[in-house]
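Okay, so here's the structure we're looking at.
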Amino acid sequence: MYNLSGKVALVTGAGGEHGIGRAIAIRLAKESADVIVSDVVDNPYAHNSIDWEGAPSVVREIEALGRQAVTILADVSDGEQVDALVNEGIERFGQIDILVSNAGSRPGPDRVPVVELEEEAWDTVHTTNLKGTFLCCRAVARHMINRGGGGKIITMSSVSGKSGSARFAAYAASKFGVIGFTQALAQELAPHHINVNAICPGVVDTERWSYIGAALSSEDISGEEWRASGRHTEAMKQRGSGIPLGRVGTGEDVARTAAFLASSESDYLTGLAINVAGGSSMS
Ligand code: NAD
């Protein structure tokens, strides 16, 4: 549908079996892009299927589609690692045309009332979600400006980046920050024909929600146990019933918007924060 032939995309946080990053990486490859599949570790979630190896599995899926892909690991909150990731990606493919800054910190100790929120939990969320977005965008933007061929930068905010809710303070603050950052960067990069837009997913059924479910429950239970007990599936059904379009989102729902924003069809759009939320948030 969108022709990304000859384009190279870097997707961070892409090693989760059910993650948004994997869905975006696969969709961009289906649109004929080659993909740098990045994550902080090869296989971020312990309870993945037995044959799921994380980022290397995503690379194999992309290669099966006839595109090229490589795994490069990096902690997005570390400037040196991010610069090395981008340099290695450019060495491998010669260029980066599309950045999807998708990595997000794992929910857990941050999902508590502010009066109980530890500094460390606040910092983890902010260094991953906000500083990580800054570092990835800075490294790729420098390359895109030097190269002079324009580009597409997609950041990952959330509907929580537009409206705060109880026990989501650190997360919401980081995602509000991503939107402000996206708008500023969009203005700076517009003269270079680099479009910068944020996606704001609502509830998307990924590994993340097992950890949120466990953190919000009153029990002492891990994300893995929460998922294994069947309560993840039940909670997704319940949340879906409150959404105007009748279900929670999938990674593929988000990937459709990412593919559009990565394509020339979005050439006149920049600085936006687009909800992919089934109507659960309309502002
Ligand atoms: P996820 O937890 O499955 O994916 C996040 C990925 O980021 C993981 O693969 C993880 O290993 C990686 N990561 C974490 N810390 C990192 C670091 N320091 N460096 C590099 N990678 C790191 O979650 P997801 O649901 O697929 O979410 C993807 C993005 O979408 C996140 O930014 C999240 O905040 C956002 N989002 C998700 C939802 C949802 O309902 N799932 C809703 C709104 C926004």
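As the structure lists them, so they are numbered: ligands from 1, and atoms in each ligand from 1. Quick caveat: nothing in here was measured; it's all calculated off a predicted structure.
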Residue pairs passing the ring-ring contact (aromatic ring centres under 6.0 Å, His included) test with at least one member in residues 83-137, sequence neighbours excluded, are W122-H126
Walk me through it: do E17 and E207 pass the test side chain to side chain contact (heavy atoms under 4.5 Å, CB included)? CA-CA 8 Å; E17 186 178 8; E207 282 95 344; 3.7 Å; yes
Contacts of E118 that satisfy side-chain hydrogen bond (donor to acceptor under 3.5 Å, both in side chains) - sequence neighbours left out: none
Side-chain donor-acceptor pairs under 3.5 Å in residues 233-244, sequence neighbours left out?
residue : atom : partner : partner atom : Å
S241    : OG   : Q238    : O            : 2.6

Contact set, ligand 1, heavy-atom distance under 4.0 Å, ordered by chain/number, equals G13, G19, I20, D39, V40, P44, Y45, A74, D75, V76, N102, A103, G104, T128, M156, S157, S158, Y171, K175, P201, G202, V203, V204, T206, E207, R208, W209
Output the distance between atom CG (L216) and atom CH2 (W226), rounded to the nearest 0.5 Å. 8.0 Å
Is the count of non-hydrogen atoms from other residues, nucleotides or ligands lying under 6.0 Å from K30 atom NZ greater than 12? no
